[in-house]
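Report on the following structure.
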Protein chains: 2
Amino acid sequence: MSDFSNIEACPVRNVLDRLSDKWTMLVILVLGESKEMRFNEIHKRIGDISEKMLTVSLRKLEADGLISREVYPVIPPKVEYKLTALGQELLPLIDTITQWADRHMQQILQNRQQYNA
Amino acid sequence: MSDFSNIEACPVRNVLDRLSDKWTMLVILVLGESKEMRFNEIHKRIGDISEKMLTVSLRKLEADGLISREVYPVIPPKVEYKLTALGQELLPLIDTITQWADRHMQQILQNRQQYNA
DNA sequence: CAGGATCCCCTCTGATACTG
DNA sequence: CAGTATCAGAGGGGATCCTG
């Protein structure tokens, strides 16, 4: 049993803190759909993420070694992002949650509605 | 392939938005450790969550039907929280991520350090 | 095309005090 | 014990403009 209260040393807290922001898990999911993707592809795929937050999210994932970023020195610029081996390992775990979401969304929406009534 | 850009209708976005806050997944994990838990038990187990945020997190989870809340009409008050069947279904999925975290935390910390150097 | 740099808002979060 | 109410602050996040 992990010591959740030890924030610095607890791997669970440490990793969960990273994943638990508005966009990270979604970006991983999107990157999992193709071998590699360019900045604007990811941007369009998500739709309502700002360029700033996409950049921030990608940089954090890169820093953690979950994605790689390859810059091609061409004009116009071309940058490709893809999951690293580490990131690919995480992908199915998040994907399992999305499948659960698909199965139970209706029930959850119904629960919420009932709760607020 | 889900339409991630349709925020309202997309189950993935909808559920991920709920899970992606600072405390929710952690609360689910903690509740998964016992059959049921009282407010202050959860509070101590996590350590650095404020009472307010714990309350908010618990209420949201209750609204979604992932946990149940039973109030005993005694003095001093007693309230027990536990995962519902729906919540129990989600537990192992999150737990798998924590196991991944345990395995790769050292590597990730090392990646971060290297990235910032 | 892929962002970097700014500005700014407002939501999320915490601290504190209070209560049935 | 298990919260609620209120206030205040930080920073997450968006909009806009700019550039190699």
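Treat the numbers as computed from the prediction; the structure is a model and nothing was measured. Below, chains carry the letters A, B, ... as their sequence lines are ordered, and counting in each starts from 1.
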Please identify each residue that fulfils salt bridge (charged side-chain N to carboxylate O under 4.0 Å, His left out) with B:Arg18, with sequence neighbours left out. B:Asp64
Got A:Asp21 and A:Lys60 here, is their nearest side-chain heavy-atom distance under 4.5 Å? yes
Can you confirm whether the side chains of A:Glu80 and A:Tyr72 place a donor and an acceptor under 3.5 Å from each other? yes
Could you pull out every donor-acceptor pair under 3.5 Å between side chains of residues 46-54 of chain B and any protein atom, sequence neighbours left out?
unit_1: B:Asp48; atom_1: OD1; unit_2: A:Arg13; atom_2: NH1; d: 3.2
unit_1: B:Asp48; atom_1: OD1; unit_2: A:Arg13; atom_2: NH2; d: 3.3
unit_1: B:Asp48; atom_1: OD2; unit_2: A:Arg13; atom_2: NH2; d: 3.2
unit_1: B:Ser50; atom_1: OG; unit_2: B:Met53; atom_2: N; d: 3.2

Just by distance, do the side chain of A:Thr98 and the backbone of B:Val12 share a donor-acceptor pair under 3.5 Å? no
Rounded distance (Å) that lies between atom P of D:dC1 and atom CD1 of B:Ile42: 14 Å
Nucleotide-resolved protein contact map, nucleotides 1-13 of chain C, B/S/- at heavy-atom distance under 4.0 Å: BSBS-BB-----B
